[in-house]
2 protein chains.
Amino acid sequence: MTETQPSVERPATIYDVARAAGVSHATVTRLLKGYAGIRPETRDRVTEAIRELGYRPNLNARSLTTGRSHRIAALTHEITQVGPNRILEGANMAARDAGYLLDVITLDVHDPAAIRESIDLALQFDLAGVLALASTDEVTKAVETTTFRVPVYLATGHDRVPSDSTPAFNGLFPLLQHLAELGHRDVVHIAGPSGWVGARNRAREYEAAVAELGMRSQGLIHGDWSSRSGYQAILSLPDDLPATAFVAANDQTALGAILALNERGYRVPDDVSVTGVDDTPEAAYFSPPLTTLRIDFAAQGRHAVQQLLALIDGVPPPPMPPRIPELIVRRSTGNNPRAVQ
Amino acid sequence: MTETQPSVERPATIYDVARAAGVSHATVTRLLKGYAGIRPETRDRVTEAIRELGYRPNLNARSLTTGRSHRIAALTHEITQVGPNRILEGANMAARDAGYLLDVITLDVHDPAAIRESIDLALQFDLAGVLALASTDEVTKAVETTTFRVPVYLATGHDRVPSDSTPAFNGLFPLLQHLAELGHRDVVHIAGPSGWVGARNRAREYEAAVAELGMRSQGLIHGDWSSRSGYQAILSLPDDLPATAFVAANDQTALGAILALNERGYRVPDDVSVTGVDDTPEAAYFSPPLTTLRIDFAAQGRHAVQQLLALIDGVPPPPMPPRIPELIVRRSTGNNPRAVQ
DNA sequence: TACCGGAATGTTACCGGCAACATCGTCGGG
DNA sequence: CCCGACGATGTTGCCGGTAACATTCCGGTA
């Protein structure tokens, strides 16, 4: 289970390589930086020495002199949740592809002091940039009141499309349209926590879609992205449910809602419909399988990194490709039994 | 959504601080390192200058001279899954508490070339140690064939207790004992992928417990930790189910199994029982809520970091505290309807 | 044959810390 | 009154790279 490599010898430096190849260290640097004007014979000797000694450049030293590091920090939270997680994964990939290493700083999004502390730790390492992925108001505030000497990119952490896009592609619309087509009129939104930028955006999208489709919102209950909060949201409703369809802020919340509805004697989807957002891998295996909106989190992560790198390099940021959330219809939604056909 | 801090000024160094305080840079270093023999007046001036300039030590430069860095890399995978995730979270905390920063290297556990590449990237930064958390055979092999110059700690990534511990605390035992008490005799294990050390351990624990309790194993199907694989495992079984209880390798797998059983007309728990492992936050909200084994992943992560730090500091590693997986009984398990009472 | 210029390579200083060693000043003892 | 010792602080060199500048070695030309 455990394994130690004693191997006390210090790693080889360019000086070691230079000595082994019988050249000066500058020649080694030149080779490493792809400088063309090196005699083939010399080049071979150096290359061989590098291989021989297993030389690996010390990136610390490098970034000390160049003044620019190749690492970026990502502030995130609760990596247990699927969304943030996937975003992180995408960001990680994109960063790696660009030759950067991503430091993940997990923070307690509700404790300003802890946020401060985490940011402070990160700032000690010289970073090329900072990616704020967890966008609660607390984090936003902490980021805004900190003086970073490096570019910072603040992502909302949840899907966000330009507000001028067509309704059909705007957030929750496809989901509500689907419900409307099934004859549902009265709907309740079990939202994310109000301190989250993404949750608020989603709630607004919900209101807009409901209005657009001529439906009636019978309530907006703030949860906390958890299954528990979905469960409790349903339990908090009066005996005679005010709606026939429930739009949860994410799949986990929907899971809890389904259980609560079952326990209160409602069958999903025969009596009521439930939808989620995210399309986590598990959503297809809920009982019943969940109708949801597929979000391409990895793309969001990649995009965030690209934006940040553009800031770092001082080039215009690449445009956000239009992300169209895809409606995934499964078995948690059905015709409204009370609908006048 | 975006925010840039132009702020081109380079960060303050000890030299800047020294100049501002009218002392030499060595005095600043001394203060920073907690050296006692500094005149109070001088100390105040320096402290003030540090505050004034917002000085933060450049850890790159520091580790360049001291030769020891304060960062460790964690090799992990699929951070989407709850277990590895929580482990990472615990590791992150422990590392931070010890003043280390944890670099998370996500790797494709099945592509040896990608594993190599990721490890190589990590090695360029000078690391104090490496934590291998994703323990597939491929990763294990890659780690073993790489020459790290730093300590490496290889964790199995899943619960593991000393083999000499009492059966009652050994892995899956409590779960199977619970099933036995409910009158179940024939049981099937939906395991994790065979390339995973943790999955194999768990499978062995299953076999041992079944034997110990006088039950009969009617099969061991390898899944891949996913809900899909749990679903398909059930579908692969003959029409007349060979068992009345199904022990899944994790909660996700159990979720898929429950759906498949439902679709095949079996009610859980009235007809058959299903159990998971992990106790993810969602498990309590499955329909029906899942009987499972609670694993303290965060503790595993913390422990792994502590082991690694002990290796780094050359001190004897702290003992593993006995981790007793806790049986969480919910509604996915019930009496065996076929049992002769 | 002396000279010029560019290609190939070497030398040097610096990045921001740390630590060994050097220096300065002051106080107490002989 | 001088000197030693010690406390407080300054100077220097080094860690492993990078880059500006310097030098060497050619061949080609006048």
Side-chain angles (χ1 to χ4, degrees), chain A residues 8-47 49-50 53-71 99 123-128 149-150, chain B residues 8-47 49-50 53-71 99 123-128 149-150:
Chain A
V8 280
E9 38 182 333
R10 297 184 57 77
T13 70
I14 43 170
Y15 297 95
D16 298 328
V17 172
R19 194 169 343 107
V23 298
S24 79
H25 70 275
T27 302
V28 181
T29 294
R30 290 196 183 95
L31 182 77
L32 261 34
K33 313 235 58 171
Y35 176 67
I38 300 181
R39 219 183 310 162
E41 181 210 312
T42 310
R43 176 179 296 271
D44 289 348
R45 282 213 316 280
V46 177
T47 309
I50 287 178
L53 276 63
Y55 167 78
R56 290 207 184 84
N58 178 328
L59 296 201
N60 267 339
R62 176 176 292 173
S63 72
L64 180 58
T65 62
T66 59
R68 50 177 302 174
S69 75
H70 274 198
R71 59 183 349 127
L123 281 181
Q124 298 200 323
F125 293 84
D126 69 10
L127 263 22
R149 327 167 303 263
V150 294
Chain B
V8 280
E9 37 182 333
R10 296 184 58 76
T13 71
I14 43 171
Y15 297 95
D16 298 327
V17 173
R19 193 168 345 104
V23 298
S24 79
H25 69 274
T27 302
V28 180
T29 295
R30 291 196 182 96
L31 182 76
L32 260 36
K33 313 238 56 173
Y35 174 67
I38 301 181
R39 218 182 312 162
E41 182 210 312
T42 311
R43 174 180 297 270
D44 289 348
R45 283 212 315 281
V46 177
T47 308
I50 287 178
L53 276 64
Y55 167 78
R56 290 207 185 83
N58 179 328
L59 296 202
N60 266 340
R62 177 175 291 175
S63 73
L64 181 57
T65 62
T66 60
R68 52 177 299 176
S69 75
H70 275 198
R71 58 182 352 126
L123 281 182
Q124 298 201 323
F125 293 84
D126 68 11
L127 262 21
R149 329 168 301 266
V150 294

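Here the structure is a predicted model, which means the values were calculated and not measured. Each chain gets a letter, A, B and so on, in the order the sequences are listed, and its residues count up from 1.
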Spacing of [X] atom [atom1] relative to [N] atom [atom2], expressed in whole Å:
{"X": "E41(B)", "N": "dT9(D)", "atom1": "CD", "atom2": "C1'", "answer": "13 Å"}
{"X": "L53(B)", "N": "dG16(C)", "atom1": "CG", "atom2": "P", "answer": "13 Å"}
{"X": "I14(B)", "N": "dC14(C)", "atom1": "CD1", "atom2": "C1'", "answer": "14 Å"}
{"X": "R19(A)", "N": "dT9(C)", "atom1": "CZ", "atom2": "P", "answer": "19 Å"}
{"X": "N60(A)", "N": "dG16(C)", "atom1": "CG", "atom2": "P", "answer": "14 Å"}
{"X": "K33(B)", "N": "dA20(C)", "atom1": "NZ", "atom2": "C1'", "answer": "14 Å"}
{"X": "R43(A)", "N": "dT9(C)", "atom1": "CZ", "atom2": "C1'", "answer": "13 Å"}
{"X": "L64(B)", "N": "dC15(C)", "atom1": "CG", "atom2": "C1'", "answer": "9 Å"}

Do the non-hydrogen side-chain atoms of T13(B) and N58(B) ever get within less than 4.5 Å of each other?
no
**Message:** If you define the side chain from C-beta out and look only at heavy atoms, does anything of I38(A) sit under 4.5 Å from R30(A)?
**Reply:** yes
>> If you go through the side-chain atoms of H25(A), does one of them form a donor-acceptor pair with the base of dT9(C) closer than 3.5 Å?
In response: no
With a 3.5 Å cut-off and heavy atoms only, can you find an N or O donor on one side and an acceptor on the other between the side chain of R56(A) and the base of dG16(D)?
no
dist T66(B):OG1 -> L59(B):CG (nearest 0.5 Å) comes out at 9.5 Å
Rounded to the nearest 0.5 Å, the OH atom of Y35(A) sits from the OG1 atom of T27(A) at a distance of 10.0 Å
Assign each of T65(B) and V23(B) the nucleotide of DNA chain D bearing its closest heavy atom; nearer the 5' end lies the nucleotide of V23(B)
Looking at [X], I'd like to know whether one of its side-chain N or O atoms comes within less than 4.0 Å of OP1 or OP2 on [N].
{"X": "T13(A)", "N": "dG16(D)", "answer": "no"}
{"X": "Y15(B)", "N": "dC14(C)", "answer": "no"}
{"X": "T27(A)", "N": "dG10(C)", "answer": "yes"}
{"X": "R30(B)", "N": "dA8(D)", "answer": "no"}
{"X": "R62(A)", "N": "dT18(D)", "answer": "yes"}
{"X": "T66(B)", "N": "dC15(D)", "answer": "no"}
{"X": "T29(A)", "N": "dG17(D)", "answer": "no"}

Review point. Heavy atoms under 4.0 Å, any strand shown: does S63(B) hit a base, just sugar-phosphate, or nothing?
Key: nothing
Which is true for L32(A) with a 4.0 Å heavy-atom rule: it touches a base, it touches only sugar-phosphate, or it touches nothing?
nothing
With V23(B) as partner, the option from V17(B), V46(B), L31(B) fulfilling side-chain contact (heavy atoms from CB on, under 4.5 Å) is V46(B)
Taking dT9(D), dC18(C), dA19(D) as options, the one with an atom nearest any side-chain atom of Y35(B) is dT9(D)
task = Please check if the side chain of D44(A) supplies one atom and the backbone of E41(A) the other of a donor-acceptor pair under 3.5 Å.
result = no
